[in-house]
Amino acid sequence: MNSQKNNIVRVGIFYDGYYFYKVSNYYKYEHTRKARISISGLHDFIRHEIASILHIEDIRHCQIIDAHYFKGRSSAKEMGEKVQSERVFEDILMRENIVNHYLPLRYGVNDTWQEKGIDVWLALEAYELAIYKQFDVLVLVAGDGDYVPLVRKLNTLGTQVMLICWDYSYYNENGTITETRTSRQLLEEVLYPIVMNERIDRQPSTDIIDELFVRDRRENYAEGMGNMLPLKEEAEAPQDDGQISTIISLKDGFGFIKDEKINNVFFYYDTLTNKDFDELEVGMKVTYLCEEDEERSKRDEAPRYRAYKVTVLD
């Protein structure tokens, strides 16, 4: 395929959007990098990685000819003020020539918002486009074992598959471990498995690795990533408009709201409705709804509370 100097390696990239959203939030709020994943930086990394594997001397001979991003999305009514922030991220995808694909979020198990059918849609589109556009390498940004049948189908076409994935864990706001692990079977099926956390953490930092993280404010798509899962209305909310108070402290990805009655209230970055966490300042006035944090209360043997639907007042 690449024996002739003038051959172009045709690359297609397919994103599991919610997976990428979780990974990017991890690097922003939990990892020492404290920055989101740069899409342009990731694309440069992919091109260099493929060029290295296929012994291509000139990176211009490795071209991304198609890229697609799949995710579930709530309705405009449910998103409220985050409709505008969603456009921020869409603009970034558009600048990188990435095609958006959306399906509505639906209630699933335990009455929670879930994506339904995104993996199937991604697989169908990837397989069809692999045939139509004749990708030399198809890059899958995902970690779910549900994509194994897709990889096997692509293998029958002779399409080489690269997997971009992350394994990580951290303590969430409740003090319990949140863990993301790539399907072992998926890693075994693809031709080029790239476990990104190993490249980022276990190898000396290089310009290509550093460029994986957002540094330009124009690509800071914090608001655009947003809280993709809309919050369900709580029957126990104290009142429709919530309580009004001020932010008294900010940490990495969380903070506290002044509440003299219950010794201040914890809030997490993904409970914000109209601002990115990076835009917050101590002293800002907010409205919020409050509920008891059962896990923290049990652990501390005393009532502990957390805020949700936190809205910054202009």
>> Quick check on the hydrophobic clustering: are V282 and V310 connected, directly or via other members, by side-chain heavy-atom contacts under 4.5 Å?
In response: yes
>> Between R10 and V137, is the side-chain contact (heavy atoms from CB on, under 4.5 Å) condition met? List the steps.
In response: CA-CA 6 Å; R10 301 163 62 86; V137 181; over 6 Å; no
> Between D210 and R33, does a salt bridge (Lys or Arg N to Asp or Glu O under 4.0 Å) hold up when you go through it step by step?
Replying inline: CA-CA 9 Å; D210 289 341; R33 288 275 182 173; 3.1 Å; yes
> Of the non-hydrogen atoms in C62 and A51, which two are nearest, and what is the gap between them?
Replying inline: SG-N, 4.4 Å
>> In the structure I gave you, are the side-chain heavy atoms of I98 and Y15 within less than 4.5 Å of one another anywhere?
In response: yes
>> For a 4.5 angstrom cut-off between non-hydrogen side-chain atoms, does I13 reach I46?
In response: yes
> Can you find a pair of side-chain heavy atoms, one from V11 and one from Q63, that are under 4.5 Å apart?
Replying inline: no
> With the 4.5 Å side-chain cut-off for hydrophobic clustering, are I131 and Y147 part of the same group?
Replying inline: yes
> Just wondering, are more than 12 heavy atoms of other shown residues or ligands nearer than 6.0 Å to CD in E292?
Replying inline: yes
>> Does either side chain, that of N197 or that of R202, offer a donor lying less than 3.5 Å from an acceptor on the other one?
In response: no
> Can you say whether the rings of H68 and H101 are parallel (under 30°), tilted (30 to 60°) or perpendicular (over 60°)?
Replying inline: tilted
> Which atoms form the tightest heavy-atom contact between G41 and S38, and what is the distance?
Replying inline: N-OG, 3.0 Å
> Shortest non-hydrogen contact from S40 to E96?
Replying inline: CB-OE2, 3.3 Å
>> Surrounding CD of E57 (heavy atoms of other residues, nucleotides or ligands, distance under 6.0 Å), is the total greater than 12?
In response: no
>> Assess the residue pair T311 and L272 against the criterion (side-chain contact (heavy atoms from CB on, under 4.5 Å)); give the C-alpha distance rounded to whole Å, side-chain angles, the decisive distance to 0.1 Å, and a yes or no.
In response: CA-CA 6 Å; T311 302; L272 293 164; over 6 Å; no
> Does any non-hydrogen side-chain atom of Y192 lie less than 4.5 Å from one of V190?
Replying inline: no
>> Working to the nearest 0.5 angstrom, can you tell me the gap between I200 CD1 and M196 CE?
In response: 5.0 Å
> Between K251 and F277, which heavy-atom pair has the shortest distance, and what is it?
Replying inline: O-CE2, 3.3 Å
> Would I53 end up clustered with I59 when hydrophobic side chains under 4.5 Å apart are linked, directly or stepwise?
Replying inline: no
>> Could you tell me if the side chain of H61 sits less than 4.5 Å from the side chain of N7, heavy atoms only?
In response: no
> Name the one of Y29, Y26, F254 that satisfies ring pair (Phe, Tyr, Trp, His ring centres under 6.0 Å) with Y269?
Replying inline: Y29
> Looking at K71 and D16, does any basic side-chain N land under 4.0 Å from a carboxylate oxygen?
Replying inline: no
>> Any heavy-atom pair between the side chains of C290 and Y305 that's under 4.5 Å?
In response: yes
> In terms of hydrophobic clusters joined by side-chain contacts under 4.5 Å, are M162 and I208 together?
Replying inline: yes
>> Please report the interatomic distance NZ(K275) to OG1(T273), rounded to the nearest 0.5 Å.
In response: 10.5 Å
> Are any non-hydrogen side-chain atoms of V286 and T246 less than 4.5 angstrom apart?
Replying inline: no
> OH of Y308 to OG1 of T271: how many Å apart, nearest 0.5 Å?
Replying inline: 11.0 Å
>> Let's go through N25 and R36 carefully: what are the C-alpha distance in whole Å and the side-chain angles of both, what is the deciding distance for side-chain contact (heavy atoms from CB on, under 4.5 Å) to 0.1 Å, and is it a yes or a no?
In response: CA-CA 6 Å; N25 272 348; R36 285 185 166 83; 3.0 Å; yes
>> Quick check: closest heavy atoms across V265 and R306, and the distance to 0.1 Å?
In response: CG1-C, 3.4 Å
>> Tell me every residue that passes side-chain contact (heavy atoms from CB on, under 4.5 Å) with K34, counting only those two or more places apart in sequence or in another chain.
In response: D252
>> Evaluate Y288 against D259 for side-chain contact (heavy atoms from CB on, under 4.5 Å), listing each step before the verdict.
In response: CA-CA 11 Å; Y288 63 99; D259 193 317; 3.0 Å; yes
> Should E189 and L163 count as side-chain neighbours, where that means a heavy-atom distance under 4.5 Å?
Replying inline: no
>> For F14 and F70, take the angle between the two ring planes, folded into 0 to 90°, and tell me which bin it lands in: parallel under 30, tilted 30 to 60, perpendicular over 60.
In response: parallel
> Below 4.0 angstrom, N of the basic side chain to O of the carboxylate: do E49 and R199 qualify?
Replying inline: yes
> Distance-only, no hydrogens or angles: does the N97 side chain make a donor-acceptor pair with backbone N or O of D66 under 3.5 Å?
Replying inline: no
> Mind checking whether F20 and Y69 have parallel, tilted or perpendicular rings, split at 30° and 60°?
Replying inline: perpendicular
> For the atom pair CD1 (I39) and CG (L42), what is the distance rounded to the nearest 0.5 Å?
Replying inline: 8.0 Å
> Once you round to the nearest 0.5 Å, how far does CG of D207 lie from CD1 of I209?
Replying inline: 10.5 Å
> Would you find more than 12 non-hydrogen atoms of other residues, nucleotides or ligands less than 6.0 Å from K133 atom NZ?
Replying inline: yes
>> Please determine whether a side-chain nitrogen of the Lys or Arg among D144 and R181 lies less than 4.0 Å from a carboxylate oxygen of the Asp or Glu.
In response: no
> Do I65 and M94 share a hydrophobic cluster (ILVMFWY, side-chain heavy atoms under 4.5 Å, transitive)?
Replying inline: no
>> With rounding to the nearest 0.5 angstrom, report the OG1 to CG distance, T287 to L289.
In response: 7.5 Å
>> For a quick test of reading the model, state the closest non-hydrogen atom pair linking A130 to L154 and the distance between them.
In response: CB-CD2, 3.6 Å
> So, E279 side chain and D276 main chain: donor-acceptor pair closer than 3.5 Å or not?
Replying inline: yes
